Amino acid sequence: MLLEDLKNEISQGLQDAAERAKGDGKLFFEELPPFTLEKPREKTHGDLATNIALVLARPAKAAPRKISEIILEYFPAEKKRVTRCEVAGPGFINLFLDPSWVYDVLPEVEEQGDRYGCSSFGQGEKVQVEFVSANPTGLLHMGNARGAALGDTLANVMDAAGYEVTREFYINDAGRQIENFGYSLEARYLQLLGEDVDLPENGYPGEDLIDSMRGLISQVGDKYLHVDSKLRREILVKSALQEKLEQMEEDLANFRVHYDVWFSEQTLHDTGAIEGVLKELQKRNDLYEKEGALWFCSTRYGDEKDEVLVRSNGIPTYFAADIAYHKNKFLRGFDRVINIWGADHHGHILRLKGALEALDYDPDRLQVIIMQLVRLFRGGEPVRMSKRSGEYVTLRELLEDVGTDAARYFFVDRSADSHLDFDLDLARQQSSENPVYYVQYAHARICSILRQAGEIPQSREIDCSVLCDPSERALLEGIAELPGEICYAAANQEPHRLTHYVYDLANLFHGFYTTCHVLNAEPGLREARLVLVNACGIALRNTLKIIGVSAPERM
RNA sequence: GUCCCAGUAGCUCAGUUGGAUAGAGCAACAGACUUCUAAUCUGUAGGUCGGGGGUUCGAAUCCCUCCUGGGACGCCA
């Protein structure tokens with residue numbers, strides 16, 4: 001039986017015990033408050049501990065220790081593989097399991113193989129994760145990279161936890177920035193053809209646009225030199241946009257990020273979707289005209305001020321398109337949509353949720369994960385990143401520097417809401433200071449053992465209870481925690497839990513490796529250890545896969 | 001001025017929704033390789049959880065207040 005199932009069973013048993021005590025008039029409470037059942041930090045506090053009596057103390061108006069004793073009278077410990085219960089500290093119940101419980105994980109891992117860790121926890125809820133969605137007018141920068149690592153890992157872990165996940169990239173291929181893009185491209189095109197023109201004031205100064213136009217000229221030469229400017233810009237934009245998107249897709253693929261859907265903003269304009277939501281909001285009297293523009297009453301839905309949806313020049317704002325976009329997401333049948341946004345977008349959350357509410361969608365179905373900014377350090381100095389100057393480190397450069405494995409691990413390793421200081425020098429060193437190598441090394445060691453062992457026995461054919469060294473038991477427990485970790489990370493949208501888990505697991509393995517010899521162990525023990533090592537390899541590999549880090553067989 | 005995020009060991013950060021004696025890595029110091037890969041392991045040291053109040057059996061975690069750093073407040077996207 002999996003640890004998760006065992007925990008659920010015990011948890012249910014405790015709940016039943018409390019209810020029956022209530023039925024017999026020994027405990028009083030309206031409703032059982034939520035309680036925890038988890039592995040305590042201290043080994044001496046048992047294999048599992050619960051605070052059920054502590055949370056009941058107030059509603060039951062009784063001393064926690066007394067409540068614990070009453071609950072234990074009704075708790076059928078022996079049926080739940082619990083060998084001993086004790087009331088401890090302020091009223092915790094500590095449970096000691098039959099030591100054999102840890103061996104159950106081995107046949108589970110063998111059976112499930114690369115599916116070990118997966119579960120049906122999410123019950124097939126249809127979830128969309130939208131991330132990166134970078135402007136296609138430039139190259140991917142560090143903020144995009146962090147978003148890519150976080151979004152993809154979140155999608156992976158939710159997928160493993162039994163959600164039905166769609167990964168989506170929203171292409172900002174409409175609006176004023178595309179106009180700017182056109183003017184910038186035109187300037188570069190003309191400059192390369194020897195014309196004396198300046199880059200427009202708000203243009204994109206990046207070198208990459210020059211490259212794009214150089215490439216175009218090598219194909220078509222000065223074909224568009226004397227074409228009408230508006231038409232020329234359209235042609236240049238179309239060509240460069242296509243190229244930019246292909247580059248992004250390629251860079252993201254090198255970062256092991258793949259999308260199910262690339263969604264074009266322009267289609268929202270073309271299909272009348274934006275007009276549609278405007279009419280709908282109009283009907284609900286959530287719009288008004290002021291100074292020639294059309295405004296949305298976001299203040300009615302908790303925002304600080306109202307927002308413009310259609311400018312006085314008749315062009316809808318980005319926000320208007322975003323409302324239509326999110327309505328479109330729900331029309332496509334997603335139960336929940338998760339957006340990964342940079343910290344500079346946090347102000348948009350309230351108004352977008354407000355707009356969804358105005359359209360009769362439950363705003364809680366939209367979840368926005370705000371990630372704080374990335375600061376790069378080189379030589380101890382922060383590297384300035386600004387699109388304005390066109391000077392910033394790109395994802396491509398980062399991958400050339402430190403590689404996909406280290407980059408993905410580093411980005412996921414920190415929780416989204418803390419600022420990330422990325423030390424390029426340190427990451428480039430690829431030394432033992434880098435935790436990703438520590439984890440990968442554990443996997444390589446495992447592969448090395450298994451290679452030399454030849455045949456790997458099946459746990460059912462042997463007696464695994466000979467694995468009783470503390471380091472062996474700790475490793476078994478670590479392996480058993482994977483399914484629970486995946487559920488936790490998915491339910492709370494905390495992908496960084498996984499790097500911490502996989503590091504801890506590697507740590508347990510290295511400890512075991514030093515204490516327990518595998519290949520030279522006596523017959524019986526040798527086979528059991530091979531089974532253990534194999535299972536650990538699977539758990540490491542599966543977790544690394546979710547994070548998007550490779551699991552090398554040799555290092 | 002208003003709002004969001006952060007402040008935990010010298011540095012970079014965790015801390016399982018309020019639980020038992022606050023944890024890792026790096027850096028420092030002291031040890032362990034004729035070994036299944038030493039990219040490893042063991043040990044030592046390191047703390048007023050930004051400050052101050054409050055809530056209760058119990059607070060790094062929740063509330064109030066102040067301080068510091070970053071970000072957002074456009075008919076930009």
Side-chain angles (χ1 to χ4, degrees), chain A residues 34 36 38-42 44-45 49 51 54-55 57-58 63-65 88-92 94 135 137 172 174-178 180 202 265 290-295 303-305 307-313 315-319 321-322 342-350 370-373 375 413-423 426 430-442 444-453 484-485 488-489 491-492 494 496-497 499-500 503-504 506-507 509-521 529-530 533 554-555:
Chain A
T36 59
E38 54 198 23
K39 183 178 169 182
R41 226 186 351 253
E42 279 292 321
T44 56
H45 295 150
N51 65 349
L54 292 158
V55 298
R58 195 186 315 225
R65 293 190 66 105
F92 291 99
N94 294 338
N135 287 338
T137 51
N172 302 135
R176 228 173 81 172
Q177 57 172 352
I178 286 293
N180 266 338
N202 295 320
E265 179 189 350
K290 192 178 90 185
E291 293 162 7
L294 196 58
W295 296 69
D303 203 358
E304 286 170 17
K305 53 188 175 46
E307 291 296 323
V308 171
L309 289 185
V310 181
R311 291 186 278 254
S312 50
N313 62 8
I315 298 174
T317 58
Y318 178 86
F319 179 45
D322 221 16
D344 51 342
H345 283 67
H346 92 265
H348 300 241
I349 301 174
L350 262 182
I370 289 295
M371 49 169 195
Q372 299 300 314
L373 301 179
R375 284 189 307 177
D413 195 40
R414 302 275 179 258
S415 81
D417 53 16
S418 80
H419 297 91
L420 178 59
D421 289 343
F422 200 117
D423 187 334
L426 184 72
Q430 307 202 350
S431 68
S432 61
E433 293 166 27
N434 197 333
V436 70
Y437 293 109
Y438 181 86
V439 177
Q440 291 180 316
Y441 185 53
R445 275 181 152 180
I446 286 170
C447 291
S448 173
I449 292 174
L450 296 178
R451 260 197 311 273
Q452 292 169 65
E485 284 295 324
Y488 188 90
N492 297 287
E494 290 178 3
H496 71 278
R497 299 273 306 199
T499 52
H500 296 143
Y503 188 91
D504 288 343
N507 179 251
F509 174 76
H510 287 308
F512 157 80
Y513 183 93
T514 322
T515 318
C516 302
H517 215 273
V518 179
L519 296 177
N520 292 349
R529 283 181 176 167
L530 279 173
V533 166
R554 296 170 202 269
M555 288 175 77

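As the structure is a prediction and not an experimental result, all values here were calculated from the model.
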Please determine, for [N], whether a Watson-Crick or G-U wobble partner exists with both distances under 3.5 Å, and give it or none.
{"N": "B:C73", "value": "B:G1"}
{"N": "B:A6", "value": "B:U68"}
{"N": "B:U35", "value": "none"}
{"N": "B:G19", "value": "B:C57"}
{"N": "B:U42", "value": "B:A30"}

Could you tell me whether [X] contacts a base, only the sugar-phosphate backbone, or nothing, with contacts defined as non-hydrogen atoms closer than 4.0 Å?
{"X": "A:A453", "result": "nothing"}
{"X": "A:N94", "result": "base"}
{"X": "A:A444", "result": "base"}
{"X": "A:C447", "result": "nothing"}
{"X": "A:H496", "result": "sugar-phosphate"}
{"X": "A:T515", "result": "nothing"}
{"X": "A:H346", "result": "base"}
{"X": "A:S418", "result": "sugar-phosphate"}
{"X": "A:D417", "result": "sugar-phosphate"}
{"X": "A:A49", "result": "base"}
{"X": "A:L373", "result": "sugar-phosphate"}
{"X": "A:N507", "result": "sugar-phosphate"}
{"X": "A:F92", "result": "base"}
{"X": "A:E291", "result": "base"}

Judged by atom type as modelled, is there a donor-acceptor pair below 3.5 Å linking the side chain of [X] to the main-chain atoms of [Y]?
{"X": "A:R65", "Y": "A:G89", "result": "yes"}
{"X": "A:D322", "Y": "A:Y318", "result": "no"}
{"X": "A:H500", "Y": "A:H496", "result": "yes"}
{"X": "A:R414", "Y": "A:H419", "result": "no"}

Taking only side-chain N and O atoms of [X], does any of them lie within less than 4.0 angstrom of OP1 or OP2 on [N]?
{"X": "A:Y438", "N": "B:C26", "value": "no"}
{"X": "A:R311", "N": "B:C76", "value": "yes"}
{"X": "A:R41", "N": "B:A20", "value": "yes"}

Using the [atom1] atom on both, measure [N] against [M] and round to a whole Å.
{"N": "B:A6", "M": "B:C63", "atom1": "P", "result": "12 Å"}
{"N": "B:C62", "M": "B:U68", "atom1": "C1'", "result": "23 Å"}
{"N": "B:C29", "M": "B:A59", "atom1": "P", "result": "39 Å"}
{"N": "B:G46", "M": "B:A9", "atom1": "C1'", "result": "6 Å"}
{"N": "B:C5", "M": "B:G18", "atom1": "P", "result": "16 Å"}
{"N": "B:A14", "M": "B:C49", "atom1": "C1'", "result": "13 Å"}
{"N": "B:G51", "M": "B:G74", "atom1": "C1'", "result": "37 Å"}

Minimum heavy-atom distance between [X] and [Y], given as atom pair plus value:
{"X": "A:L519", "Y": "A:I449", "value": "CD2-O, 4.0 Å"}
{"X": "A:L54", "Y": "A:P64", "value": "CD2-CB, 3.8 Å"}
{"X": "A:A442", "Y": "A:F509", "value": "O-CE2, 3.8 Å"}

Minimum-distance nucleotide to [X] side chain [options: [options]]:
{"X": "A:S415", "options": "B:C36, B:A14, B:C13", "answer": "B:A14"}
{"X": "A:L54", "options": "B:C5, B:U16, B:C57", "answer": "B:C57"}
{"X": "A:Y513", "options": "B:A14, B:C36, B:A72", "answer": "B:C36"}
{"X": "A:D344", "options": "B:A39, B:U12, B:G71", "answer": "B:G71"}
{"X": "A:R176", "options": "B:G15, B:A77, B:G71", "answer": "B:A77"}
{"X": "A:R445", "options": "B:C36, B:A38, B:G71", "answer": "B:A38"}
{"X": "A:A88", "options": "B:A20, B:A39, B:C75", "answer": "B:A20"}
{"X": "A:H45", "options": "B:A20, B:U16, B:C36", "answer": "B:A20"}
{"X": "A:E304", "options": "B:C75, B:U2, B:A20", "answer": "B:U2"}
{"X": "A:K305", "options": "B:G74, B:U17, B:G70", "answer": "B:G74"}

Taking syn as a glycosidic torsion within 90° of 0 and anything else as anti, which one is B:U12?
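Anti for B:U12; the angle lies over 90° from 0.
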
What do you reckon, do A:H517 and the base of B:U35 stack, with centroid distance below 5.5 Å and planes below 30°?
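No.
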
CA sep, side-chain torsions, deciding dist, call: A:Y513, A:I446, side chain to side chain contact (heavy atoms under 4.5 Å, CB included)
CA-CA 9 Å; A:Y513 183 93; A:I446 286 170; over 6 Å; no

Closest-nucleotide ordering on RNA chain B, the 5'-leading residue of A:P40 and A:T514
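With A:T514 and A:P40 compared, the 5'-side residue is A:P40.
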
In terms of the nearest nucleotide of RNA chain B, which residue is placed more toward the 5' end: A:Q452 or A:T317?
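Checking each residue's closest nucleotide, the 5'-ward one belongs to A:Q452.
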
Polar pair under 3.5 Å, donor/acceptor by atom type, side chain A:S312, base B:C75
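In this structure, the two groups form a donor-acceptor pair.
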
